[in-house]
Amino acid sequence: MKQIRFFLLLVVLISTVAVSGVAAQAPAPVTLVKAGRLLDPRTGNVLSPAAVVIEAGKIKQVGSPAQVHAPDGAKIIDLGNATLLPGLIDGHTHLFLNVIPPPEAEQDRHNNGLFAPELLLAIVESPTKRALLGAQNAREYLESGITTVRNLGHSGIDGDTELRDAINAGRVPGPRILAAGRKLVTRGQTYVQNLNPALADSILQQEFLFIEGADRARLAVRQNEFQNVDVIKVTAEEDLTVPELAAAVEEAHRVHLKVAVHAADTHSIQTAIDAGADSIEHGNEVTDTQLKQMRDKGIFLDLTPTFYDGLLKLFEPTIVMSPALRARRVAGDARRKQMYDALVPRVLKSGVKFAAGTDMCWFYPGKTCGQASVATMLNLPQAGMPALDVIRAMTTNAAEMLGWQDRIGAIEPGKFADLVAVSGDPIANITELERVRFVMKDGQVVRNDLASH
Ligand SMILES: [Zn+2]
C-alpha cells in the first residue's frame, strides 16, 4: 500500500514538473494597450492615437496602432479616449507612519510635539502591526497610480526592505520600493526626547542609526548595507559636520548607493552640498548661490510641498483648537505658502535638477494614503510650476533622481510596463492625476475603471 502511494506521489510530481516545464517554454504573454493619447513627459509630445505592446512585464513597442505589432492572441486593453502616462513616482515617503495630530496640550508638551508622540508609539508598539500599516499604505499608493516610491526612513529596522521583498514576491500589492532602512541621524536630532535614559538607546536604535564621528557614519551605512537597502537617508541639521556626512557618502558610493539628505535650513543644505549628497530633501531655505552649486554638481532638489495648502486641513477634522492655536496655524500656513511661492520659480530658473516627494506620514481624513500623496505633489502647480514640469517631477526626473532611469519613468521599449491613464488632458488640467482611472504595474492591471470599447 505504501509503495503504491509513493508511486502515485511520484507520478504527480513528475507530471507537475512536466507541466511547469511546458509553461516555461511557452511564449511570454503579450498585452496590447490602446489609448486615445499618450503623453511623453520628457518631450511633452503627445502620440494620438497610441498603442503599447507589453511582453513579460516590459514595454516592447510604442507607436500608433498601425505601427506596432502584437501577435495573434495578445490580450487587448482598449482605454478609449484616455491619456496614458508613465506610472507616477513619489521620491520621498514614509509608508510606516500615519500620524494623527495630538490634542493641543499634548503638542505643547513635547519638542516636535505634533509628530513625536505618534512616532514614539510607532517605534514601541508591535513591529507586526507596523508592517501591516505599511502594507495598507503601499496598496493605497499603487491604487492611486503611484507605481514607485522611495521610502526614506521611519520603518523600524527592516520594515521597508521586507515590504519591498514581499511586494516583489507577489505576497502583497504595492509599488516598487526603494528602501532606505534606518535613517542616519546625529544624537541631537532623534525626534523623540524625554525618554527614560536607561532605555533611550535601545528604543532609538529601532528607528535610527547614529552618526558620531566619521567612523560611526561609515559603520551606520554598512549596517544598512547588511539590511540590503537601496538608498541611504541622512538627516542633516546644524550639528552634522561635513567630514561625517562625507564619510557616509563615500561608503555609500563605494557600494553604488545614492545618499538622500534631509536638509531644510541654509546651513544644513551647505553641509549636504559640500559632502557630495546625491539629493537634497526639502531644501526649503536654499539660496540662489546654493541652487547654482547644486546644478553644477548635479545634485537633485527633491521638493516636498507637504503643507503648502496648510496644516489646518489636518487639524480641523481631528482636534479641538484654541483660538490662539488656530491663529498660529493660519499664520504658519500663510508663511509656508509664501515661502514656496518664491522657492518654486527660483528652482525652475536655476536649472537645478528637481523631482517631487510628499514626505507623507500623516493621516488625512477622508483620503487614502495614495490619494493624499498625489494631492500633495499637486501643490506644485499652485506654487507656479507648469503642468509638464510637475509631471516630469513625478516621472522622468524622479526616475533619474532614484538612479532608475533605465527602468521606470517613461513609456519606452525596455522599461517596466508601469502605466497609468486619466480620462482628460493632464496638461490642461493637472488635477486629472487625482482621478487616475487605470493602473498597470509590471504589465499587470491593478485597476481599470474605464469602460471597455
Ligand atoms: Zn521625510
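Both counts, for ligands and for their atoms, begin at 1 and track the order of listing. Remember, predicted model here, so these are calculated numbers, not experimental data.
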Checklist entry - Closer than 2.8 Å to the Zn ion (ligand 1), how many protein N/O/S atoms do you count? => result 3
Item to check | Heavy-atom side-chain contact between Y141 and T147 under 4.5 Å | outcome: no
Checklist outcome for this item: To the nearest 0.5 Å, atom CD of Q290 lies from atom OG of S350 at 11.5 Å
Item to check | D288/R346 ion pair, N-O < 4.0 Å | outcome: yes
Next on the checklist: Could you tell me if R182 sits above the aromatic ring of F208, with its cationic atom closer than 6.0 Å to the ring centre and no more than 45 degrees from the axis?
Outcome noted: no
Item to check | D40/R392 salt bridge by N-O under 4.0 Å criterion | outcome: no
Next on the checklist: Is the positively charged end of R176 above the ring of F416, judged by distance under 6.0 angstrom from the centroid and angle within 45° of the axis?
Outcome noted: yes
